[in-house]
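Remarks on the structure that follows.
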Amino acid sequence: MVTVLGYLSIGDFSRATHLTVKTLRHYHQLGLLEPAEVDPHTGYRRYAAGQIATAQVIRRFRDLGMPLEEIQGVLSAPDLRTRNERITAHLSRLEEELGRAQWALTSLRDLVAPPAPESAPARIELRAVPAVPAAAITDTVGAEESVAWLQGALGELLATLAAQNVPVGGPAGGIYPDEVFTRHRGQVTIFVPCAGLITPMGRVASALIPATELAVIEHSGPPDDVDRAYGTLAAYVARHALAIEGPIREYYLVGQRDTADVSRWRTEIGWPIFRTSTA
């Protein structure tokens, strides 16, 4: 399929926004989030990079429990005052009922606020990643269990390396194929680079993590709003026509095992690319 500059396929848009393909098709049918272009011959949906922000706002409202018809009312409000009144009414109800919504409220306000004039653009690095030996665990994981599964897998990997006296060779990482984003369930590999081969033990196996080329952005903070970094990265890759098929990679520089302060967590996100130069 031909890639149109500045446009994302529905699969890439799903990865960028963390909305499943099924959800995106449903939103299209409702008229809530229509693709920028639908191929009349193949039916393929294409989304503009500029629609990522709208999808993120919709996702935040859904995280806050807002019904789809109310979201549609907010997005179609005739003026800013009406939109803010509808948002405020719903947020007031949530604040009375749901203490757990605080993180989503903060993130939503950040998204809809205009960027400060002095704010620096996100730093994105094009990086060639060499193949590395690693201890790895691969399993089929659903989105609802992914955080707990990740921490358990990392603990098991590090314990195995320590038991076999094999030094850690770099930050732990994860490999996430398309279905993790498009279906919210898929085969995930969590790995820890190491200085040599290990003896397989339990779920832990020896693996060679393949070389790849990535566009990399760093996300600071909790995983709840990591989709914002994904969206920024996807828009960059789409605008520069760099995207190729391949799994997403994440590298966990600072996480739960390092500090309980989630504001200090740091995760690198790598989108597979094809580079035509070393610039």
Side-chain angles (χ1 to χ4, degrees), residues 6-8 10 12-38 45-122 143-144 147 181-182 184 217 219-236 238-239 262-263 265 269:
Y7 283 76
L8 293 86
I10 192 170
D12 280 351
F13 197 76
S14 171
R15 292 203 292 181
T17 61
H18 287 208
L19 296 171
T20 67
V21 167
K22 181 179 179 181
T23 298
L24 290 172
R25 287 172 178 158
H26 182 52
Y27 288 174
H28 181 193
Q29 291 171 351
L30 294 178
L32 182 62
L33 181 60
E34 297 185 359
E37 178 180 287
V38 179
R45 296 168 171 86
R46 296 188 183 94
Y47 293 80
Q51 292 181 280
I52 291 172
T54 301
Q56 290 174 335
V57 169
I58 292 172
R59 184 169 181 265
R60 286 300 181 282
F61 280 133
R62 292 299 289 154
D63 288 338
L64 293 170
M66 182 179 282
L68 291 176
E69 58 270 20
E70 290 190 25
I71 298 176
Q72 201 157 24
V74 169
L75 297 179
S76 63
D79 53 64
L80 184 61
R81 178 178 178 180
T82 303
R83 176 183 296 179
N84 288 340
E85 286 175 353
R86 292 174 181 176
I87 293 173
T88 301
H90 186 72
L91 295 186
S92 296
R93 292 195 300 270
L94 285 174
E95 287 171 343
E96 293 171 359
E97 300 170 2
L98 304 172
R100 64 178 175 80
Q102 188 56 51
W103 74 266
L105 292 171
T106 302
S107 186
L108 174 61
R109 289 173 180 143
D110 239 7
L111 275 172
V112 300
E118 69 277 5
S119 61
E144 69 283 351
V147 175
F181 304 94
T182 60
H184 282 189
I217 191 171
H219 167 68
S220 298
D224 293 330
D225 57 355
V226 72
D227 62 321
R228 296 177 64 183
Y230 267 82
T232 299
L233 185 60
Y236 174 90
R239 289 182 182 122
V262 296
S263 66
W265 292 8
I269 302 156

Identify the two heavy atoms, one from [X] and one from [Y], that lie closest to each other, and give their separation to 0.1 Å.
X    : Y    : result
P222 : W265 : CA-CE3, 4.4 Å
H184 : H18  : NE2-O, 3.2 Å
A16  : I52  : CB-CD1, 4.2 Å
P67  : R62  : CA-NH1, 3.8 Å
R239 : A49  : NH2-CB, 4.0 Å

For this session: Write out all pairs satisfying ring-ring contact (aromatic ring centres under 6.0 Å, His included) with one or both partners inside residues 45-87, taking only residues at least two apart or from two chains.
Result: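 Checked against ring-ring contact (aromatic ring centres under 6.0 Å, His included) - neighbours excluded - the pairs reaching residues 45-87 are F13-Y47.
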Problem set entry | Set of salt bridge (charged side-chain N to carboxylate O under 4.0 Å, His left out) partners for E85, sequence neighbours left out | R81
Does the side chain of [Y] come within less than 4.5 Å of [X]'s, by heavy atoms?
X   : Y   : value
L19 : R59 : yes
R45 : L24 : no
L75 : Q72 : no

Rounded at 0.5 Å granularity, tell me how far [atom1] in [X] sits from [atom2] in [Y].
X   : Y   : atom1 : atom2 : answer
M66 : I87 : CE    : CD1   : 7.0 Å
L68 : I58 : CG    : CD1   : 8.5 Å
R15 : D12 : CZ    : CG    : 5.0 Å
H26 : L32 : NE2   : CG    : 8.5 Å
T20 : Y27 : OG1   : OH    : 8.0 Å

Donor-acceptor contact present, side-chain [X] to main-chain [Y], <3.5 Å:
X   : Y    : answer
Q51 : A48  : yes
S14 : F181 : yes
Q56 : D227 : yes

